Protein chains: 2
Amino acid sequence: MSDSPCNDPSRDRLLLAAVEIFAERGFRDATVREICAKAEVNAASVNYYFGGKEKLYAEALAFALCQANQRYPLGDALNLGLPAEQRLIAFIQVFLHKLMDNTALGHHGKLIAREIADPTSALDGIINTAIAPQFAMLKEVIPSLVGPGWSESDIYRCILSIVGQCLMYKHSRSVVDRICPNVIASPDEINSTADHIAKFSLAALNHLRIERTQT
Amino acid sequence: MSDSPCNDPSRDRLLLAAVEIFAERGFRDATVREICAKAEVNAASVNYYFGGKEKLYAEALAFALCQANQRYPLGDALNLGLPAEQRLIAFIQVFLHKLMDNTALGHHGKLIAREIADPTSALDGIINTAIAPQFAMLKEVIPSLVGPGWSESDIYRCILSIVGQCLMYKHSRSVVDRICPNVIASPDEINSTADHIAKFSLAALNHLRIERTQT
DNA sequence: ACATGTTTAAAACAACTGTTTGAAATTAAC
DNA sequence: GTTAATTTCAAACAGTTGTTTTAAACATGT
């Protein structure tokens with residue numbers, strides 16, 4: 001249902017407006033009146049179509065997530081036939097570009113960032129659907145790059161080091177925009193940033209492998 | 001004024017309660033009534049002592065920041081007499097431990113994370129006071145590690161890669177707690193995480209230097 | 001055309017929220 | 001002890017908010 005708009009123009013407009021306003025303002029600050037004004041429907045529509053503000057939020061979140069994953073599929077990162085290094089590079093490219101998407105779709109990232117920062121009951125679903133698969137993929141890939149003999153916690157630390165670099169540009173966007181906006185100022189710069197993260201990460205992982213081999 | 005409590009018990013209790021409730025709930029969701037209940041003062045006190053909710057927020061933020069920096073001074077990271085590598089390690093240690101502080105002081109990090117995610121007029125002040133000095137310090141240190149010839153943007157990307165790794169454990173704490181809580185489950189694990197981030201980052205920077213030297 | 005179901009709308013409702021008000025209580029100064 | 005200043009309080013205020021209510025308007029089916 002929430003993965004594609006049904007033939008219901010009012011409901012659709014409401015859902016799209018909700019994604020945007022919830023992303024901008026968060027759940028609490030977003031008002032039903034503002035969302036309805038943006039969607040050009042009456043305030044009663046929220047209860048009519050979604051049963052209330054909370055359910056609207058849950059559906060907006062699920063919808064945004066689904067749209068984002070369709071536009072930015074993991075693709076090569078999931079291809080077992082490719083070397084681990086290429087899979088990691090592919091992941092970083094997709095992930096960062098998804099985070100940096102500033103079209104209407106970009107609201108999804110803000111919505112998820114808010115959910116992560118202030119979890120509602122929806123977070124567990126998001127983790128299962130969107131985040132755990134990424135971690136699982138990275139958990140396949142990282143041992144191939146860093147070599148055997150690392151604890152599970154160390155593998156996770158490597159994963160978090162990579163993911164954390166990408167999320168920096170989304171979660172702390174306000175800081176990046178004030179201190180060094182050039183690093184993500186254009187598509188070329190975003191590509192350079194993705195390249196940098198890939199290089200930085202591969203270098204680190206490679207070094208950890210060598211270091212472990214020598215001990 | 002806001003860097004140390006004045007001799008005014010009601011005002012102090014109010015400020016401390018505000019730090020906590022604003023950290024937990026954010027500005028909008030935190031109510032004056034809840035803060036005053038926690039502080040055991042009357043709701044009119046907010047206007048009496050601080051002139052209103054917004055000013056209370058601004059002072060709570062400034063106070064929390066000041067307290068955090070006093071407890072976690074940059075110390076060795078600022079010591080020009082130490083090698084760059086050691087300075088970077090010191091920075092990562094201090095920064096991560098500050099972020100992972102789960103005493104009452106830990107509210108500061110949540111407050112700042114919220115401000116970064118949803119900037120108010122206070123953000124610029126915070127950047128000047130707390131974030132820009134860190135970036136300036138790292139901007140001194142990184143070129144010594146990565147070698148000459150890198151663009152300013154590349155230096156910033158390195159800085160963001162390091163800071164982003166640390167912030168992962170704070171900004172995405174809800175995810176870490178659900179997927180791999182062990183990595184920061186105890187003081188020892190936090191130390192291991194700080195060591196990991198330092199190793200990961202130094203390895204990457206070292207590799208970038210070698211790579212640039214060979215081209 | 002009529003009956004039924006769905007959608008839309010405006011108004012009302014009940015609760016919440018930061019702020020103000022006026023006065024009592026407390027403290028400080030002489 | 002008296003006066004003045006400060007602090008605290010409960011109630012009121014004005015605005016906001018999600019939800020409900022009721023009925024009109026619209027769409028569908030026969």
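Note that the coordinates shown come from a computational prediction; the quantities given were computed from them, not determined experimentally.
Residue B:Y49 places at least one side-chain N or O under 4.0 Å from the OP1 or OP2 atom of D:dT8. In this structure, B:S45 does not reach the D:dC9 phosphate: none of its side-chain N or O atoms is under 4.0 Å from OP1 or OP2.
Screening residues 84-93 of chain A for side chain to side chain donor-acceptor pair (under 3.5 Å), with sequence neighbours left out, gives A:R87-A:E140, A:Q93-A:D195. Every pair passing salt bridge (Lys or Arg N to Asp or Glu O under 4.0 Å) that includes a residue from residues 171-190 of chain B is listed here, sequence neighbours excluded: A:D124-B:R178, A:R157-B:E189, B:R173-B:D177.
Rounded to 10 degrees, the angle separating the terminal axes of the helix from C:dA1-D:dT30 to C:dC30-D:dG1 is 10°, with each axis obtained from five end pairs.
The pair B:K38-B:E20 meets the salt-bridge criterion, since a charged nitrogen lies less than 4.0 angstrom from a carboxylate oxygen. Salt-bridge formation is detected for the pair A:R11/A:E59: a Lys NZ or Arg NE/NH1/NH2 atom is positioned less than 4.0 Å from an Asp or Glu carboxylate oxygen. Salt-bridge annotation for A:D118 and B:R25: absent, with no side-chain N of the basic residue lying under 4.0 Å from a carboxylate O of the acidic one.
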note = Quick tally for nucleotides 10-26 of chain D: nucleotides whose base has a protein heavy atom under 4.0 Å get B, sugar-phosphate-only ones S, the rest -, giving B-B----BBSB------
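Residues B:I155 and B:P143 approach most closely at CD1-CG, 4.1 Å, considering heavy atoms.
Here the CD1 atom belonging to B:I142 is positioned 10.5 Å from the CZ atom belonging to B:F135, to the nearest 0.5 angstrom. Atom-to-atom distance recorded for A:N191:CG and A:M100:CE is 12.5 Å, nearest 0.5 angstrom.
Take A:A39 and apply the side-chain contact (heavy atoms from CB on, under 4.5 Å) test, not counting sequence neighbours, and it matches A:R13, A:L14, A:A17, A:V41.
Remark: the A:N69 side chain and the A:K98 side chain contain an N/O donor-acceptor pair separated by less than 3.5 Å.
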Taking only nitrogen or oxygen atoms into account, show me every contact under 3.5 Å that the protein makes with nucleotides 27-29 of chain D, one pair per line with its distance.
none

